[in-house]
Protein chains: 2
Amino acid sequence: MKDVHNYDRDPDGSLYDPRVRAAMADFAGDPADPLTLLTFEAGAAVRTAYHSVERMRAHGSQGRGVSAGALDLLIRLNGSDAGISIGDLARAAGVSSRNVTGLVDTLENDGLVRRVPDPGDRRSVLARITPAGRAWIEAFREPSRLAMRAMFQGFSAEELVVFRDLCLRMAANQHHLADRLSHLSQNGEQP
Amino acid sequence: MKDVHNYDRDPDGSLYDPRVRAAMADFAGDPADPLTLLTFEAGAAVRTAYHSVERMRAHGSQGRGVSAGALDLLIRLNGSDAGISIGDLARAAGVSSRNVTGLVDTLENDGLVRRVPDPGDRRSVLARITPAGRAWIEAFREPSRLAMRAMFQGFSAEELVVFRDLCLRMAANQHHLADRLSHLSQNGEQP
DNA sequence: TCGTAGTTATGTACGTCCTTCATGGTAAGA
DNA sequence: TCTTACCATGAAGGACGTACATAACTACGA
């Protein structure tokens, strides 16, 4: 190994705006402890786990015109009779509204979702699941259940709860940080 | 609620090959217990967590011509002096070799990686990290560390270990299952 | 009432990841 | 030798996701 570099000064200014760096360091707290390696490993593990989930899902909804992001929307819409606006779907899923528009397009082409005008706001469009969409969900439920059970084979209920909550805490941290950063760049250059 | 459908027969033959279904059910074990909801929640949570990681990573490597999959490769290559073959990289990352070829293309265009012939096998090509690639990694290390620390803000060392291991157990399950399924479809139609 | 600022969905244009299939070059075992 | 298998890559395509611009519409203040 080489000796340790001096990371106290920015090795490459273009990587992060100093304000961003400061905000992160501030948010992260004490920067000099041994948890770092673990966080890298955990980050990589999440990526691996996600790919596993996606591969299972791809296998399950194979050749049926619905996949990944679209399925997320369909499941959300299955819980609502009146329908959900594009913007609300985007906020709930944490993606851009343009992306949701595209996903709803494909679902609508497949007849699983229908666009209806929002009676309360004429700018807004509600996506509403169709009977065919509900039938699709119904048919998907059991194979999906089997696949998920297989994915989490050997996990106890407690482990599942812990796992879910750790994932969500991560996401909350990221959301919080993104909020701070965007808020920070909206305001003046120097506080 | 409506009454329960009869899921003992396949509600839609095109969803899963019966052999695949049987293999999954067999692998998953007892199908009639209350863990199912938790597995769905956990699956969705993984997806959310992954998006958080990706967003952080995108923020960090922004505008530097390296992202996600390419970064994974670069980090792997940083650990090897001689270089790693395309096929080995693909197997290690769990993606198609064609995909790795493309990622190495972009890294090579950026000057971070170089292709060298494999002295032991003239079919094979080794990807080897360049000094510029190592410098990139070096510059990326600290901001990335801060970002990861922020992502896992509030996680104890024990929680990180548990989280990492749960992710990897998931991936192992999926891998195991995929092996069984491919093995199953390679052999005859009826066992 | 009018005008302005903000919101909503969507068109356009991109970039990235990942896949399958086909192909020419190469290794290795019959 | 010759047949089979493996290796990287060309070609083509699907899906996800982004940013920016725009037309329709709402809401709020003068």
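Quick note on labels: first sequence line is chain A, next is B, and so on, each numbered from 1.
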Taken to the nearest whole Å, CD1/B/Ile86 to C1'/D/dC6 is 14 Å

B/Arg115 atom CZ, over 12 foreign heavy atoms within 6.0 Å | yes

What distance do B/Ser156 atom OG and B/Glu158 atom CD have between them, rounded to the nearest 0.5 Å?
-> 4.5 Å

Give a yes/no on whether any side-chain N or O of A/Ser96 is located under 4.0 angstrom from OP1 or OP2 of D/dT18.
-> yes

Please report, rounded to the nearest Å, how far the C1' atom of D/dA8 is from the CZ atom of B/Arg115.
-> 8 Å

Looking at side-chain heavy atoms only, is the closest gap between A/Leu74 and A/Asn78 below 4.5 Å?
-> no

Mark up nucleotides 22-29 of chain D, 5' to 3', with B wherever a protein heavy atom is under 4.0 angstrom from a base atom, S wherever such an atom reaches only the sugar-phosphate, and - elsewhere.
-> ---BS---

Give the rounded distance in Å between these two atoms: CD of B/Glu108 and P of D/dA8.
-> 14 Å

Would you say D/dC7 has OP1 or OP2 under 4.0 Å from some side-chain N or O of B/Ser85?
-> no

Rounded to whole Å, the CG-P distance (B/Asn109 to C/dT16) equals 11 Å

Examine C/dA9: is either OP1 or OP2 under 4.0 Å from a nitrogen or oxygen in the side chain of A/Ser124? Give yes or no.
-> yes

Side-chain contact, heavy-atom cut-off 4.5 Å: B/Leu166 with A/Phe152?
-> no

State whether the distance check finds a donor on one side and an acceptor on the other, under 3.5 Å, for side chain A/Arg98 versus base D/dG17.
-> no

Give the rounded distance in Å between these two atoms: CG of B/Leu89 and P of C/dC17.
-> 14 Å

If you check every side-chain atom of A/Ala70, which of D/dC16, C/dT10, C/dC18 has the closest atom?
-> D/dC16

How many Å lie between CG on A/Leu107 and P on C/dA9, as a whole number?
-> 16 Å

A/Val116: hydrophobic cluster co-members (side-chain, 4.5 Å) | A/Leu126

For the residue pair A/Phe155 and A/Phe163, categorise the inter-ring angle as parallel (less than 30°), tilted (30 to 60°) or perpendicular (more than 60°).
-> perpendicular

Given atom CG of A/Asn99 and atom P of C/dT16, what is their separation to the nearest angstrom?
-> 17 Å

B/Val125 side chain reached by B/Val104 side chain, heavy atoms, under 4.5 Å = no

Separation of C/dA9 atom C1' from A/Leu126 atom CG, nearest Å, is 12 Å

If each of B/Tyr50 and A/Val104 is mapped to the nucleotide of DNA chain C with the nearest heavy atom, which maps nearer the 5' terminus, i.e. the 5' end?
-> A/Val104

Would you kindly compare B/Ser97 and A/Ser97 by the position of their nearest DNA chain D nucleotide and give the one closer to the 5′ end?
-> B/Ser97

